[in-house]
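Structure first, commentary second.
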Amino acid sequence: HFNDVNIVYGKNEDNYKVYRNKKLMCIVQSAANDYKIIFQRKPISVAKLLIKYPNVIVKANSPQGEQWFKVVNKGDVAEEDLKAIIKFSHKYLVDEEAKEKDKKEKAKAKLKAKKDAIKAKEKAKRDAIKAKEKAKKEALKAKEKAKKEAEKAKQKAKEEAAKAKEMAKI
């Protein structure tokens, strides 16, 4: 019993489709002397059943896709194998949804990493510009300070020269 499946009946209750999260999981069709179950499974995992039930379990023509198989049961397929077919069809969808979710999360993480890298690059550019501007300001301040000190030294030299001239007169 699966809690996450919906059954959509055809014209009668002997024919129905089973969906999991709006995705087709399997199809059951009943006829007068047999019934068919069209199910999904990884091709590699269905090999044992294909060998065990040749010409009973075959590759389905419809729906399209390598994961679709068909069992035509006239009472010769063991009950535990039928249960396993349904169980693995469900598991196949669960696994595929997990893969899809993982794929989306990886794509999302990759996009976020790309955006973060762009932001980091832009921040590095801004920081470099700020550092350049700061260096320019500091260089300008140092130049002005050197100019003032040179003027002070010049003034002091003048004063000392004037004092020396004054002393020389005495």
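In this chain, residues are counted from 1 in sequence order. Given the structure is predicted, the values throughout are model-derived calculations rather than measurements.
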To the nearest 0.5 Å, how far apart are [atom1] in [X] and [atom2] in [Y]?
{"X": "K156", "Y": "K163", "atom1": "NZ", "atom2": "NZ", "answer": "9.5 Å"}
{"X": "K119", "Y": "K114", "atom1": "NZ", "atom2": "NZ", "answer": "15.0 Å"}
{"X": "I57", "Y": "N73", "atom1": "CD1", "atom2": "CG", "answer": "8.5 Å"}
{"X": "K42", "Y": "F88", "atom1": "NZ", "atom2": "CZ", "answer": "10.5 Å"}
{"X": "K132", "Y": "D127", "atom1": "NZ", "atom2": "CG", "answer": "14.0 Å"}
{"X": "R20", "Y": "K91", "atom1": "CZ", "atom2": "NZ", "answer": "11.5 Å"}

Should [X] and [Y] count as side-chain neighbours, where that means a heavy-atom distance under 4.5 Å?
{"X": "H90", "Y": "V18", "result": "no"}
{"X": "S62", "Y": "W68", "result": "no"}
{"X": "K145", "Y": "E149", "result": "yes"}
{"X": "I86", "Y": "I37", "result": "yes"}
{"X": "R126", "Y": "E122", "result": "yes"}

Heavy-atom count around [X] [atom1] within 6.0 Å, excluding the residue itself: above 12?
{"X": "I44", "atom1": "CD1", "result": "no"}
{"X": "E66", "atom1": "CD", "result": "no"}
{"X": "N55", "atom1": "CG", "result": "no"}
{"X": "N61", "atom1": "CG", "result": "no"}

Is a side-chain N or O of [X] found less than 3.5 angstrom from the main chain of [Y], in a donor-acceptor match?
{"X": "Q40", "Y": "L24", "answer": "yes"}
{"X": "Y53", "Y": "A78", "answer": "yes"}
{"X": "S30", "Y": "N15", "answer": "no"}

Y35 vs L82, side chain to side chain contact (heavy atoms under 4.5 Å, CB included): CA-CA, chis, key distance, verdict: CA-CA 12 Å; Y35 64 92; L82 290 173; 3.1 Å; yes
Are [X] and [Y] joined in one hydrophobic group, where the rule is that I, L, V, M, F, W and Y side chains link up if heavy atoms are under 4.5 Å apart?
{"X": "Y16", "Y": "V5", "result": "yes"}
{"X": "F69", "Y": "L49", "result": "yes"}
{"X": "I7", "Y": "V94", "result": "no"}
{"X": "L93", "Y": "I27", "result": "no"}

Any Lys/Arg nitrogen of [X] or [Y] sitting under 4.0 Å from an Asp/Glu carboxylate oxygen of the other?
{"X": "K99", "Y": "E96", "value": "yes"}
{"X": "D102", "Y": "K106", "value": "yes"}
{"X": "E79", "Y": "K83", "value": "yes"}

Working for side chain to side chain contact (heavy atoms under 4.5 Å, CB included), residues V58 and V72: CA-CA 8 Å; V58 295; V72 179; 5.7 Å; no
How close do [X] and [Y] get, counting heavy atoms only, and between which atoms?
{"X": "R41", "Y": "S45", "answer": "CG-OG, 3.1 Å"}
{"X": "K74", "Y": "N33", "answer": "CG-O, 4.0 Å"}
{"X": "M25", "Y": "S89", "answer": "O-OG, 2.8 Å"}

Cation over ring face, K70 and F39, 6.0 Å, 45°: no
